[in-house]
2 protein chains.
Amino acid sequence: MSKPPRRPLTLRDVSEASGVSEMTVSRVLRNRGDVSDKTRTRVLEAAKMLGYVPNKIAGGLASQRVNLVAVIIPSMSNMVFPEVMMGISEILDDTELQPVVGLSHYKPEREEAVLYEMLSWRPSGVILAGLEHTDAARAMLASAGIPIVEIMDTDGEPVDAMVGISHRRAGREMGEAIVKAGYKRIAFLGTKMPLDHRARKRFEGFTQALAKGGLEIADSEFYAGGSALMKGREMTEAVLERTPDIDFIYYSNDMIGAGGLLYCLEKQLDIPGEIGLAGFNGVSLLEGLPKHLTTMDACRSEIGRKAAEIIAARTLKGAEGGGEVVTLVPEIIYGGTLRNPPEE
Amino acid sequence: MSKPPRRPLTLRDVSEASGVSEMTVSRVLRNRGDVSDKTRTRVLEAAKMLGYVPNKIAGGLASQRVNLVAVIIPSMSNMVFPEVMMGISEILDDTELQPVVGLSHYKPEREEAVLYEMLSWRPSGVILAGLEHTDAARAMLASAGIPIVEIMDTDGEPVDAMVGISHRRAGREMGEAIVKAGYKRIAFLGTKMPLDHRARKRFEGFTQALAKGGLEIADSEFYAGGSALMKGREMTEAVLERTPDIDFIYYSNDMIGAGGLLYCLEKQLDIPGEIGLAGFNGVSLLEGLPKHLTTMDACRSEIGRKAAEIIAARTLKGAEGGGEVVTLVPEIIYGGTLRNPPEE
DNA sequence: ATGAAAGCGCTAACAT
DNA sequence: ATGTTAGCGCTTTCAT
């Protein structure tokens, strides 16, 4: 029952309490170098008794190494980035590295500020979403002298390494499948986010595939904010009223897709005959809906894992590396809202 | 187009480039102390040109102050903690403080390890979920010498400050509302998590309220893992088959509640007449379902905001404080799945 | 308004 | 296996 110390404990305190030099205490606490079992035990006991917590600020300064990995993502609010985080943690949990997360809210200037802040902690590596950044951010990344992995998207030039999928291709493939299934009057529903480059690239790939099939987007609608499920429902209703002959709706994410699906089920529309639906992401959250939405897996946890592996390999194994490119290939997950192609 | 420096830049580099002492450069970069406009401009230009990023490791060691707030939560996977995080960020964004998140995965030992790791960075404060921790964790918290705010739950004794709701009371009030509405055969569906103390307390309060009304839980089911929406559906089906006279189901979270709601709608059950349903959390994610689930707001972002305010006030305004207790009172959100009490 | 010196708590490098 | 010394890059404090 000793009262809490006013001054935080230092190595010196443990050194004095155990009668061992600071250096040896440091070695014990870090499991580095040869220390006799007897000394080790004594030090550990003293440290525990005092309630000593090492000061990584001082340690980092002295060793010039900080086991932090900066992770910068746009948001936490739609489950895709939390899943990426889980993939990252899964790998880093087996190492000494620790992820530290920062949010950009899809704003490049904010991303730049967060990056600056994080780099000032001298992390061992940086993982950040997307290939589009401010010039200043790219400059900081390029001169940071640590592994940089840009994730999610591979349609562009990375500063260093990149891990992701081609969203252009993802949109194109879904477009091709829809065209092939014989749908003609196709609508697109998405988010109103000029800065969501990945959604934009999917949209581009999608329209491109339709064009190749001689089709154009028959209608489209974009939203911002609010409950995605409800927005999906509302936008679907709006589009179907405005353009009644729509026979397919491609949603830019599964959540609004689910809202649309629920709406169509309620209206007793024949899915996928009368109307087909598809989303994007493969959100397992939504398993359990009355009917499964056809969608495309964005390989989120795999992306997190690969990115973390690159950082870990270069940081810990001293592998030289640099410029790694990992392109994952998403596949359509058929869920019963996209009909089979007509027989030849 | 200068090539990236091998050695990270230091204050000295900026000092030399600008012809101003390190000390003055430091003052400019921190906006502290009097510096002439001329000097300031010169320093800022030099720093920008070189691409200098301050070293907070060194700064933190020298100043003995680190603007980090450690936040330890169980998980990111169910939207409740991300919402708490948003509340925290909302407040801290207006200050110099920065949140750093660690996850405990509902394991006390893991929480202890994460806490130790975070305390070793000497944060300005700690926010952590729940009042139940290992003895070692409580000891660390008690002797850390910084503001500690335990959040979510107020049914217990905090180490220092606490902000949350009484889950016991939340469960009791929902139980009372259900009893008052005249339901008699009441089931409970929840997660199989002995370490989720808040769910346990809600359950306790709930059974207590039923007991006061002369009722007992008629059936119950618990799940672990998997898609909550689907589990809600499956468990609802199981319970209704096993105990067909069930007239109310209380779900421990809105996600499984939504799954149950979708199942009941599909089976064309009369809600809330034939069967009533209620959840917990007030997840706006689910607005857009064909029928709204009656639930209870857990005040998540408000909890985050209040907790951050306590840390900010004590850290920045030097307010002495200590032991603040903020008890928020959640209210039932009626959504059409709980019938009105019978007329007297 | 600016500068010089000392030192934050730890670890690398070099003894012994 | 253990100890000693010299910083790591900044900020504090005290001068000027």
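Quick caveat, the model's predicted, so the values are computed rather than measured. Lettering follows sequence order; numbering is per chain, from 1. Atom set for the values below is all heavy atoms of this structure, side chains included, hydrogens, waters and symmetry mates excluded.
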Minimum-distance pair of heavy atoms, taken over all atoms of B:His133 and B:Ala137: CB-CB, 3.9 Å
Starting at [atom1] of [X] and ending at [atom2] of [N], how long is that distance when rounded to a whole Å?
X	N	atom1	atom2	answer
A:Asn31	C:dT11	CG	C1'	15 Å
A:Ile57	C:dG9	CD1	C1'	10 Å
B:Arg7	D:dG7	CZ	P	16 Å
B:Arg32	D:dT13	CZ	C1'	15 Å
A:Leu9	C:dC8	CG	C1'	16 Å
A:Leu29	C:dG9	CG	C1'	13 Å
B:Gln64	D:dG9	CD	P	18 Å
A:Arg122	C:dT11	CZ	C1'	18 Å

Return yes if a side-chain donor-acceptor contact under 3.5 Å exists between A:Ser26 and A:Arg30, otherwise no. yes
With no hydrogens and no angle check, do the side chains of A:Glu83 and A:Ser301 hold a donor and an acceptor under 3.5 Å apart? no
Starting at the 5' end of DNA chain C, which residue's closest nucleotide do you reach first, B:Met23 or A:Lys56? B:Met23
If each of B:Arg40 and B:Ser63 is mapped to the nucleotide of DNA chain C with the nearest heavy atom, which maps nearer the 5' terminus, i.e. the 5' end? B:Arg40
Between A:Arg42 and A:Asp37 (salt bridge meaning N to carboxylate O under 4.0 Å), is one present in this structure? no
Are any of the side-chain nitrogens in B:Glu302 or B:Arg305 under 4.0 Å away from the carboxylate oxygens of its partner? yes
Is the shortest side-chain N/O distance from [X] to OP1 or OP2 of [N] below 4.0 Å?
X	N	result
A:Arg42	D:dA1	no
B:Ser21	C:dA4	no
A:Ser26	C:dT11	yes
B:Tyr52	D:dG9	no
B:Ser36	C:dT2	yes
B:Thr24	C:dT2	no

Among [options], the one nearest [X] by side-chain distance:
X	options	value
B:Leu61	D:dG3, C:dC10, D:dG9	D:dG9
A:Val35	C:dG9, D:dT2, D:dA1	D:dT2
B:Leu11	C:dA12, C:dG9, D:dT11	D:dT11
B:Ala62	D:dT11, C:dC10, C:dA12	D:dT11
A:Val20	D:dG3, C:dG3, D:dT12	D:dG3
B:Ala58	D:dG9, D:dA1, C:dA12	D:dG9

When we call it a touch if two heavy atoms are under 4.0 Å apart, what does B:Asn55 touch: a base, just sugar-phosphate, or nothing? sugar-phosphate
For a quick check of understanding: with a heavy-atom distance under 4.0 Å over all strands, which category does A:Arg65 fall into, base, sugar-phosphate or nothing? sugar-phosphate
Would you state whether a donor and an acceptor, one from the side chain of B:Arg27 and one from the base of C:dG3, lie under 3.5 Å apart? yes
One pair to check against side-chain contact (heavy atoms from CB on, under 4.5 Å): A:Val53 and B:Tyr116. What are the steps and the verdict? CA-CA 7 Å; A:Val53 177; B:Tyr116 183 80; 4.1 Å; yes
